[in-house]
**Student:** 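The structure follows.
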Amino acid sequence: MEFQPILAAMSRNKIGAVLIGVQIAITLAILVNGLFIIQQRVALSHRATGLDEPNVFTIRNQWVGNPTNMEAKLRTDLSVLRSLPGVIDATASNSAPLSNGGSSEGVNLDPDQQQATALTAVYFMDDHALNALGVKLIAGRNFTPDEVTPKIGFDDRHPPSAIIMSKALADKVFPAGDALGKSVYLAFQKTRVPIVGIVDRLQVPWTGVDDWGSKFNDNATLEPFQFESPLVHYVVRTKPGQIVNVMKAAEKALLATDRLRILEQIQTQSESRLEAYRDDHGLVVILGIVCAALIAVTAFGIVGLTSYWVAQRRRQIGIRRALGATKNAIVRYFQTENLMIAVAGALAGVALALVVNVWMMNSFAAQRLNVAYVLVGAVLVLLLGQAAVLWPALKAASIPPALATRGSM
């Protein structure tokens, strides 16, 4: 295939060639970044919390007024929940994974550190926490009842007697893998706190990719406190297949115990996951529609412009056919012509995609674009262009030489 005739033909149709190239460049830039964001959001929404999710539900309990006997109310509620048929265990906490609200603090190796060694989400729970959450203890032990002390709201800052860390946090603070048995300093406290256990995984409450908590997704700490506050989260784990019945029974039992409360939210972890990632799912759908629309517009643009070129070059095609050019030669001509335009557009699109990604990193704290997405996107756009030009090329090849030579330019 000689490229000189193709270049000469494109020089007479510069606007059309430039339009296709620009369209391909813009499509590639948006497509690559869109698919990269979609992959990120899908992966984020499927991230494991570490809990026994199919069998865990939470209750947000808001007490009416300012009850003075909070400790007794809390113990009564937990006793009622743990005694329900189908319940494995229950605990109370300041927060829970996927709740999008909670507490965090720094973990230090020295009491005078100005910058924390690591950040962690903090769950205030008693010795029933591991069983109620369904998390996997991979080293050390659970809290003992004697280690659990009352914590009167968030202003009570007395240090815990011990802590249990997620493996991700333990590896961050002690990269050598010897966290168990070591001690750390929490926030600005001067008291050393021993690490008595390590769980395989425990996610922080915050779920959004742009949330502050996304910087330490799996850095979580359990502290042995009985959290006494007007707002408390009950976490209940049930036997398999009984979660729906237990949720109904739990609501009735708690209201029967004390009606001076508002049960703001009772939902399974599966429901919490859907709610926590609703915005991410919506973004995935929108970006998917935009990417599909761009692909369709680009494909139809290539088909339209190539069809126009075929109509304008009927006589040229007819002469080539009369001189012995085969149908396959005509098809290859238009495929090659489109490939040259598409390659130029793809190169510009790669550069534009990287520029857009840098802008998103600076403006929205987005992650760096994986080069593999750029390469795959470029290949897909080139294949799209070749597929789109195939029908006009076949149409051009089917023009009889005698009919073409009677046509006008």
**Student:** Could you check Met247 against Thr238 for side chain to side chain contact (heavy atoms under 4.5 Å, CB included), going step by step and ending with a plain yes or no?
**Tutor:** CA-CA 9 Å; Met247 288 174 67; Thr238 71; over 6 Å; no
**Student:** Minimum heavy-atom separation for Val235 and Ala96, please, with both atom names.
**Tutor:** CG2-CB, 4.3 Å
**Student:** Check step by step if side chain to side chain contact (heavy atoms under 4.5 Å, CB included) holds for Gln367 and Met360.
**Tutor:** CA-CA 8 Å; Gln367 293 186 19; Met360 292 176 63; over 6 Å; no
**Student:** Show your reasoning for whether side chain to side chain donor-acceptor pair (under 3.5 Å) applies to Thr91 and Asp126.
**Tutor:** CA-CA 7 Å; Thr91 190; Asp126 59 19; 2.8 Å; yes
**Student:** So do Asn61 and Leu231 actually touch side chain to side chain, heavy atoms under 4.5 Å?
**Tutor:** no
**Student:** Please check this pair: side chain of Ser103 against backbone of Val122, looking for a donor-acceptor N/O pair closer than 3.5 Å.
**Tutor:** no
**Student:** With side chains defined as the heavy atoms from C-beta onward, is the minimum distance between Trp206 and Ser104 less than 4.5 Å?
**Tutor:** yes
**Student:** Asn219 versus Met165: any side-chain heavy-atom pair under 4.5 Å?
**Tutor:** no
**Student:** So, taking the atom named CD1 in Ile164 and the one named CD in Glu147, what distance separates them when rounded to the nearest 0.5 Å?
**Tutor:** 8.5 Å
**Student:** Pair Thr58, Val236 - check side chain to side chain contact (heavy atoms under 4.5 Å, CB included), show working.
**Tutor:** CA-CA 6 Å; Thr58 57; Val236 184; over 6 Å; no
**Student:** Above 12 or not: heavy atoms from other molecules or residues under 6.0 Å from NZ of Lys252?
**Tutor:** no
**Student:** Out of curiosity, Thr144 OG1 to Asp146 CG, how far, rounded to the nearest 0.5 Å?
**Tutor:** 5.0 Å
**Student:** Are Met125 and Asn94 close enough that some pair of their side-chain heavy atoms sits under 4.5 Å apart?
**Tutor:** no
**Student:** Are the charged groups of Asp171 and Lys167 less than 4.0 angstrom apart, N to O?
**Tutor:** yes
**Student:** Just by modelled atom types, is the Leu35 backbone N or O under 3.5 Å from a matching donor or acceptor in the Asn33 side chain?
**Tutor:** no
**Student:** Output every pair passing side-chain hydrogen bond (donor to acceptor under 3.5 Å, both in side chains) with a member in residues 344-355, not counting sequence neighbours, ordered by first then second residue.
**Tutor:** none
**Student:** For the CD1 atom of Ile163 and the CD1 atom of Ile198, what is their distance to the nearest 0.5 Å?
**Tutor:** 9.5 Å
**Student:** Between the side chains of Glu228 and Lys151, is the shortest nitrogen-to-carboxylate-oxygen separation below 4.0 Å, so that they form an ion pair?
**Tutor:** no
**Student:** How about Lys182: does its NZ atom have over 12 heavy atoms from other parts shown lying under 6.0 Å from it?
**Tutor:** yes
**Student:** Indicate yes or no: at least one non-hydrogen side-chain atom of Leu354 is less than 4.5 angstrom from one of Leu369.
**Tutor:** yes
**Student:** Counting N and O atoms only, with roles assigned by atom type, does the side chain of Gln113 sit under 3.5 Å from a partner on the main chain of Leu109, one being a donor and the other an acceptor?
**Tutor:** yes
**Student:** With a sphere of 6.0 Å drawn around CG of Asn370, does it hold more than 12 non-hydrogen atoms of other residues, nucleotides or ligands?
**Tutor:** yes
**Student:** Crowded around Lys172 NZ? As in, over 12 foreign heavy atoms under 6.0 Å?
**Tutor:** no
**Student:** Do Ser79 side-chain atoms and Arg75 backbone N/O form a donor-acceptor pair below 3.5 Å?
**Tutor:** no
**Student:** Side-chain contact, heavy-atom cut-off 4.5 Å: Val87 with Leu81?
**Tutor:** no
**Student:** Asn338 side chain to Gly385 main-chain N or O, any donor-acceptor pair under 3.5 Å?
**Tutor:** yes
**Student:** Could you walk me through whether Thr191 and His158 pass the side chain to side chain donor-acceptor pair (under 3.5 Å) check?
**Tutor:** CA-CA 9 Å; Thr191 304; His158 75 276; over 6 Å; no
**Student:** Decide yes or no for Leu74 and Gln226: does some side-chain heavy atom of the first lie under 4.5 Å from some side-chain heavy atom of the second?
**Tutor:** yes
**Student:** Answer yes or no: is there a donor N or O on one side and an acceptor on the other, between the side chain of Glu271 and the main chain of Thr268, under 3.5 Å?
**Tutor:** yes
**Student:** Which value, rounded to the nearest 0.5 Å, describes the distance between Phe225 atom CZ and Ser161 atom OG?
**Tutor:** 7.5 Å
**Student:** Do NZ/NE/NH1/NH2 and the carboxylate oxygens of Asp200 and Lys136 come within less than 4.0 Å?
**Tutor:** no
**Student:** Crowded around Arg141 CZ? As in, over 12 foreign heavy atoms under 6.0 Å?
**Tutor:** yes
**Student:** Side chain of Thr257, backbone of Ala253: donor and acceptor closer than 3.5 Å?
**Tutor:** yes
**Student:** Starting at CG of Leu255, measure out to CZ of Arg261 and round the result to the nearest 0.5 Å.
**Tutor:** 6.5 Å
**Student:** Roughly how far, to the nearest 0.5 Å, is the CG atom of Asn131 from the CZ atom of Arg82?
**Tutor:** 9.5 Å
**Student:** Should Asn108 and Leu186 be marked as a side chain to side chain contact (heavy atoms under 4.5 Å, CB included) after you check the CA-CA gap, both sets of side-chain angles, and the distance that decides it?
**Tutor:** CA-CA 6 Å; Asn108 300 327; Leu186 300 177; over 6 Å; no
**Student:** Checking Ser183 side chain against Arg192 main chain: does a donor-acceptor pair fall under 3.5 Å?
**Tutor:** no
**Student:** State, yes or no, whether a side-chain contact exists between Ile138 and Val199 at a heavy-atom distance under 4.5 Å.
**Tutor:** no
**Student:** Does the plane of the ring in Phe154 sit parallel, tilted or perpendicular to the ring in Phe124? Use 30° and 60° as the thresholds.
**Tutor:** tilted
